[in-house]
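Just so it is clear, the values below take in all heavy atoms, side chains as well, and ignore hydrogens, waters and symmetry mates.
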Amino acid sequence: MTEREILLKKISTFQFSILDLQIFLDTHPYDQQVLSQIKECKEKLLPLIEEYEEKYGPLRKEANTANKWQWVKNPWPWDNEEDL
């Protein structure tokens, strides 16, 4: 696994955790422990996203840089012959 894939895996893990905890809040809206866990996950997620965007480009629409079409210059998944 590349450094980029590892970072994306960490990001997706925290995103999934947050989503799962938010779904739990649908049936337990006043659970302070879960609210605290969501806050903790978000605090850990943000630096990972910022690190990814600094190294590899935007993940969020808020991360739009001066050159908003920079992502087009990256190789597309089908351009990587090593993955075939």
Do R4 and K55 come within less than 4.5 Å of each other through their side chains, counting heavy atoms only?
no
Mind checking the [atom1]-[atom2] spacing from [X] to [Y]? Nearest 0.5 Å is all I need.
X   : Y   : atom1 : atom2 : answer
Q32 : Y30 : CD    : OH    : 10.5 Å
I38 : Q33 : CD1   : CD    : 11.5 Å
L7  : S12 : CG    : OG    : 10.0 Å
L35 : Q37 : CG    : CD    : 9.5 Å
D26 : L21 : CG    : CG    : 11.5 Å

Can you tell me if [X] uses its side chain to pair, donor with acceptor, with the backbone of [Y] under 3.5 Å?
X   : Y   : answer
E53 : R60 : yes
S17 : T13 : yes
E5  : T2  : yes

Are F14 and L46 joined in one hydrophobic group, where the rule is that I, L, V, M, F, W and Y side chains link up if heavy atoms are under 4.5 Å apart?
no
State yes or no: do L25 and L45 share one hydrophobic cluster built from I, L, V, M, F, W and Y residues joined by side-chain heavy-atom distances below 4.5 Å, directly or via other members?
yes
Which of parallel (below 30°), tilted (30 to 60°) and perpendicular (above 60°) describes H28 and F24?
parallel
Nearest heavy atoms of L8 and L59, plus distance in Å
CD2-CD2, 4.1 Å
Dump the intermediate steps for side chain to side chain contact (heavy atoms under 4.5 Å, CB included) on K10 and K44, then the final yes or no.
CA-CA 10 Å; K10 289 179 184 178; K44 291 178 181 178; over 6 Å; no
More than 12 heavy atoms from other groups under 6.0 Å of CZ on F16:
no
